[in-house]
Amino acid sequence: MRPVNITTVLLTLIVALTFQLYPWSGQGVILRPDFLLVVTLYWVIRAPYLVNVGLSWFAGLIVDLSTGSLLGQHALAFGFAAFLALLYQRRLVLFNRWQLTIYIFALLIAERAIVLMLKLFADYDNPGLSYFWPVITSLILWQLMVLMFGAPTRPRH
Amino acid sequence: MLKGVHQKLEPQESVAFFVRGPSPFSRMMFFCALSIVLMAVDSRLNYLAQFRQTFIAALHPLEMVANAPSEWGMNIRQYFTSHNRLLVENQQLKQQAVEHKVMLQRLSTIELENSHLKTLLKGNAPLIPKAILGEILHMGRDPFSNVIVINRGTQHGVKAGQAVVDAEGVVGQVTRAFPFSAEVTLITDDNLSIPIQVERNQLRAIAFGEGKSNTIDLPFLPTSVDIKVGDKLVTSGIDGVYPAGLAVAKVTQVRQSPDSPFAKIVSTPIAGVNNHLQLLILSLPEPEMTIEEENPPSAPATPPVVTKPDPKLVAKPKLKPNAPR
């Protein structure tokens, strides 16, 4: 696992944001993966010295701004997901690929659940279970990230 | 402050046991508190509107990049549209144009007559709402809300509160205007209500969006109300936002339940947001129009009656036939 520099991180985040901004429509809206979240979590696990709760929170804030939702909703959820990742980061890097995928699955569910809760507090309609579909596509995106940038785990000695 | 420490220590990141800054938990608590404050401020106070606008404007170039692939796709599709189809479409459009022209001829005489009558009645001259043509950028990124985003913003004169229509009927209302784009809340959103009138019998009511189900509800009407399936609902124009007479929805279901004093009336919007891209953003009526009042020398014995000329009833939309589809 090569060390990464901050420019790579920021560039991937900007690319992820561009994908997030793509005008998804129809089925795409239901299936759209959480690009920014997946990329952020990847860097949180791989390079916690560069991407911490703060930067994740800020990424969430940008999602809030671009979706036009209440400021702080996605920010809180992103920050919390990053916190969960950081909490066990030392252990996560020792996981194998599938264990890590399961953990990421839990994190993605947690993020969606927090946003859902906050939205319901703010008097929005319940979108139903289809709201959790993007978790699956996000996991596929996670595998793509691992393919492109390498697994964030350390090889076992 | 944290950043400085990190940058200094970056080379030895992997072995930095003790210098990791504040613990994840304390960071999380800090940012949790920050987002709760933000949410409270954003939902109850209006301080962040400017910040949001600035940010959306700054994001505009990135949005253009993100939109580019779908635009290319559309261009390519347009390029390969068959000659035959274009011919058919052209034929149809020509036919429509002729029909509309005939209608317009009648309309202009009626309009003239109407304005003449209005001036006789000391009302104001009919007001033709100005309109801006816009295009749908995307259908909103938030699965929770019924909004669309259009490519016209404050730079083009769009203001929050303006009505948005398409060739078939009312689409919604501009709820947020950014420099280069604007957010239009659809009439099916459960936070939007619109004063309507049944075209058949001029019965007035207020229609509410139903949220997810993409329908419009007419609540609190008695079970005996004279509304039938198939009735067309048009704007009544008494709100000062929507000009009178625009098609809103068609009644699809009228149900009476024995345990409720009110009828359940469901209707579906007429405007085809999913079918075409172009929309018209109607400008709001001039403010002085609504405040303006006449004080005719009436008999002093009677209590002063404020006669407000009703500018909304006057405003019949005339730009429809030319709206591109």
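In this text the structure is predicted, and so the values were computed from the model without any measurement. Just so we're on the same page: letters track the sequence lines, and every chain starts at 1.
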Side chain, backbone, both or neither: which part of [X] has a non-hydrogen atom closer than 4.5 Å to chain A?
| X | result |
| --- | --- |
| B:L48 | side chain |
| B:E63 | both |
| B:N191 | neither |

Under 6.0 Å between ring centres, would you say that holds for B:F30 and A:W57? no
Taking side chain as everything from C-beta outward and backbone as N, CA, C, O, which of these in A:S66 sits under 4.5 Å from a heavy atom of chain B? Side chain, backbone, both or neither. both
Please work out whether the ring planes of A:F149 and A:Y42 are parallel, tilted or perpendicular, with thresholds of 30° and 60°. tilted
For the residue pair B:F51 and B:F55, categorise the inter-ring angle as parallel (less than 30°), tilted (30 to 60°) or perpendicular (more than 60°). tilted
Could you have a look at A:G72, A:S56, A:A47, A:A75 and say which one has the most heavy-atom pairs with chain B under 4.5 angstrom? A:G72
Contact winner vs chain B - A:L65, A:L76, A:T67, heavy-atom pairs under 4.5 Å: A:L65
Using only heavy-atom distances, determine whether the side chains of A:Q20 and A:R32 contain a donor-acceptor pair under 3.5 Å. no
Quick one: does any side-chain atom of A:R46 pair with a main-chain N or O of A:V4 as donor and acceptor, under 3.5 Å? no
